[in-house]
There are 2 protein chains.
Amino acid sequence: MARTQGSHSDITGPRIREAALRLFAQHGYAAVSMRQIAKEVGVQAGALYNYTPDKQSLLFSLMSSHMEELQAAWDSVPRAAYAMDRLRAFTGFHIRFHLERPDAVFIAYMELRNLTEENFTVIESLRRVYENGVEGILKEGVEQGVFSIPDTKIATLAVIAMLNGVNTWYRSEGRLSLDEVERVYWGMVQKAVSA
Amino acid sequence: MARTQGSHSDITGPRIREAALRLFAQHGYAAVSMRQIAKEVGVQAGALYNYTPDKQSLLFSLMSSHMEELQAAWDSVPRAAYAMDRLRAFTGFHIRFHLERPDAVFIAYMELRNLTEENFTVIESLRRVYENGVEGILKEGVEQGVFSIPDTKIATLAVIAMLNGVNTWYRSEGRLSLDEVERVYWGMVQKAVSA
DNA sequence: GTCTATACCAAGATAGAC
DNA sequence: GTCTATCTTGGTATAGAC
């Protein structure tokens with residue numbers, strides 16, 4: 001049965017965001033049309049413009065929400081006293097947070113080039129804040145003498161790149177449990193930075 | 001002065017590939033039009049179809065060439081006797097090869113979703129061959145007792161992901177020389193897998 | 001081999017009725 | 001708030017002249 005007219009502002013908004021997130025991740029921002037998004041949601045294309053001024057704003061909104069949620073979630077993790085413990089906590093947090101949102105993560109990395117210059121600047125600064133938090137852990141570990149790192153900036157990026165890689169291969173029905181994945185990666189991270 | 005008509009098959013072909021590589025990397029496959037590519041090369045859009053049957057074939061050709069060059073280059077690196085030496089050689093090779101071709105690398109990772117199913121299968125199998133080569137080194141190191149790795153498959157992907165990260169931040173005019181970058185990464189890779 | 005011209009289709013976005 | 005209808009632009013690909 002066809003959908004009738006009427007007002008659904010409370011549910012249509014989130015549904016547009018969910019559909020856009022999934023479609024952008026799957027096919028890429030440029031390859032997805034507003035008509036496709038509308039079809040997924042079950043409305044006509046014109047109706048989307050009650051929720052976003054244009055397609056670019058929709059992309060930016062999805063990306064900034066993701067980065068802000070990431071930061072807020074990490075900020076809410078209890079801060080351990082020793083750098084080694086904090087790095088272990090970070091490793092587990094980062095892997096789990098990212099595996100729970102594969103689409104948002106994918107978009108946050110892949111669609112940077114499709115942001116306007118202004119929007120790009122905003123997202124990049126959010127990312128830098130997150131990275132600085134990680135670098136802070138590494139610096140403290142060096143000061144505490146438990147880490148040996150020639151360049152904490154590079155080590156930060158290397159650790160994050162390594163952990164992000166999990167998203168490219170992990171499948172929940174695969175041979176490894178999340179706990180095992182976390183343990184394996186923590187082993188490598190720990191050895192890589194240890195004194 | 002406007003370009004005149006005439007035959008330039010020997011130079012136009014490569015120029016189309018170079019332009020497509022750069023534009024796909026910069027804006028994404030879906031966001032780049034055949035008209036844009038033609039404009040970069042200095043021909044009309046219709047002329048492109050003397051060199052590629054369609055846009056998809058152009059993308060696939062760029063990606064498969066890249067993967068085949070990667071494999072051929074690694075195969076030509078002299079094979080050291082000990083796993084530790086081979087892993088060091090791999091680390092340096094991978095970083096340098098990828099930094100020399102940032103556009104091709106970017107495309108090879110980001111545009112997989114824009115390949116047809118058939119083309120995707122081909123590219124994926126080329127990638128798997130390359131990864132298996134790396135895993136072979138890690139397995140040998142474990143047998144030789146110099147590496148301690150709970151899961152060589154994951155370690156392979158982790159090492160490659162870490163090294164690929166260099167492309168996201170390295171700039172030749174930056175504060176670190178290529179040799180220094182290589183040394184820093186080798187330090188982390190070595191520690192991460194060592195017994 | 002390249003050109004101009006165009007067929008054909010789908011994109012983003014808007015207008016106005018309900 | 002959503003609909004239908006449409007404007008305008010730009011996409012891939014092809015045809016036929018030079």
Side-chain angles (χ1 to χ4, degrees), chain A residues 1-24 26-63 107 111 113-116 118-119, chain B residues 1-24 26-63 107 111 113-116 118-119:
Chain A
M1 162 186 151
R3 226 162 159 296
T4 61
Q5 289 191 211
S7 178
H8 303 279
S9 75
D10 48 339
I11 56 167
T12 303
R15 275 165 56 76
I16 289 171
R17 294 173 64 85
E18 286 159 22
L21 192 76
R22 188 160 26 83
L23 289 170
F24 288 166
Q26 194 161 10
H27 306 292
Y29 171 76
V32 173
S33 68
M34 295 298 266
R35 285 177 168 83
Q36 266 179 280
I37 298 171
K39 191 175 179 183
E40 281 274 315
V41 176
V43 298
Q44 293 301 311
L48 298 182
Y49 292 89
N50 289 316
Y51 298 91
T52 179
D54 50 38
K55 195 184 173 191
Q56 166 71 204
S57 302
L58 181 54
L59 174 63
F60 173 70
S61 172
L62 292 172
M63 289 175 74
I107 290 171
E111 301 298 354
R113 62 186 171 188
N114 284 312
L115 290 172
T116 62
E118 287 174 338
N119 288 342
Chain B
M1 162 184 151
R3 228 164 157 291
T4 61
Q5 291 191 208
S7 178
H8 303 278
S9 75
D10 48 341
I11 56 166
T12 302
R15 276 167 53 77
I16 288 171
R17 294 173 64 84
E18 286 159 22
L21 193 75
R22 188 158 27 82
L23 290 170
F24 287 167
Q26 195 160 11
H27 306 291
Y29 171 76
V32 173
S33 69
M34 295 297 265
R35 287 201 237 272
Q36 266 180 280
I37 297 171
K39 192 176 181 184
E40 280 275 312
V41 175
V43 298
Q44 294 301 313
L48 298 182
Y49 292 88
N50 289 316
Y51 297 90
T52 179
D54 51 38
K55 195 184 172 191
Q56 166 72 202
S57 302
L58 181 54
L59 174 64
F60 174 69
S61 172
L62 292 172
M63 288 176 75
I107 291 172
E111 301 297 354
R113 63 187 171 186
N114 283 312
L115 291 172
T116 63
E118 286 174 337
N119 289 342

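Side chains are part of it too, since the values below use all heavy atoms of this structure and drop only hydrogens, waters and symmetry mates. Note on naming: letters A, B, ... go to the chains in the order of the sequence lines (proteins, then strands), and numbering restarts at 1 for each one.
The shortest distance between side-chain heavy atoms of B:Glu118 and B:Phe60 does not fall below 4.5 Å. Looking at heavy atoms from C-beta onward, B:Ile37 lies in side-chain contact with B:Phe24 at the 4.5 angstrom threshold. B:Asn114 places a side-chain heavy atom less than 4.5 Å from the side chain of B:Leu59.
Protein atom CD of A:Gln56 is 15 Å distant from nucleotide atom C1' of C:dA13, rounded to whole Å. Rounded to whole Å, atom P of C:dT4 lies 17 Å from atom OH of B:Tyr49. Straight-line distance from the CG atom of B:Leu59 to the P atom of D:dT12: 13 Å, rounded to whole Å. Protein atom CZ of A:Arg15 is 16 Å distant from nucleotide atom P of D:dG1, rounded to whole Å. We find that CD of A:Gln44 is positioned 14 Å from P of C:dG12, with the value rounded to whole Å. Taking atom CE on B:Met34 and atom P on C:dA7, their separation rounds to 21 Å, with Å as the unit. When rounded to the nearest whole Å, the span between CG of B:Leu48 and P of D:dG11 equals 13 Å. Atom CD1 in B:Ile37 sits about 10 Å away from atom P in D:dA13, given to the nearest Å.
An OP1 or OP2 oxygen of C:dT2 is reached within less than 4.0 angstrom by a side-chain nitrogen or oxygen of B:Tyr51. Phosphate proximity of D:dG10 to B:Ser33: absent, as no side-chain N or O sits under 4.0 Å from OP1 or OP2. A close approach under 4.0 Å does not occur between any side-chain nitrogen or oxygen of A:Thr12 and OP1 or OP2 of D:dG1. When the side-chain nitrogen and oxygen atoms of B:Arg35 are compared with OP1 and OP2 of D:dG11, one or more of them lie within a distance under 4.0 Å.
At distances below 3.5 Å, not a single donor-acceptor pair connects side-chain atoms of B:Tyr51 with backbone N or O atoms of B:Leu58. With hydrogens and angles disregarded, no donor-acceptor distance shorter than 3.5 Å links the side chain of A:Glu40 to the backbone of A:Ala19.
Each of A:Gly46 and B:Ala45 was matched to the nucleotide of DNA chain C holding its nearest heavy atom; the match closer to the 5' end belongs to B:Ala45.
For A:Lys55, counting side-chain heavy atoms from C-beta on, the closest listed nucleotide (C:dA13, D:dA13, C:dT2) is C:dA13.
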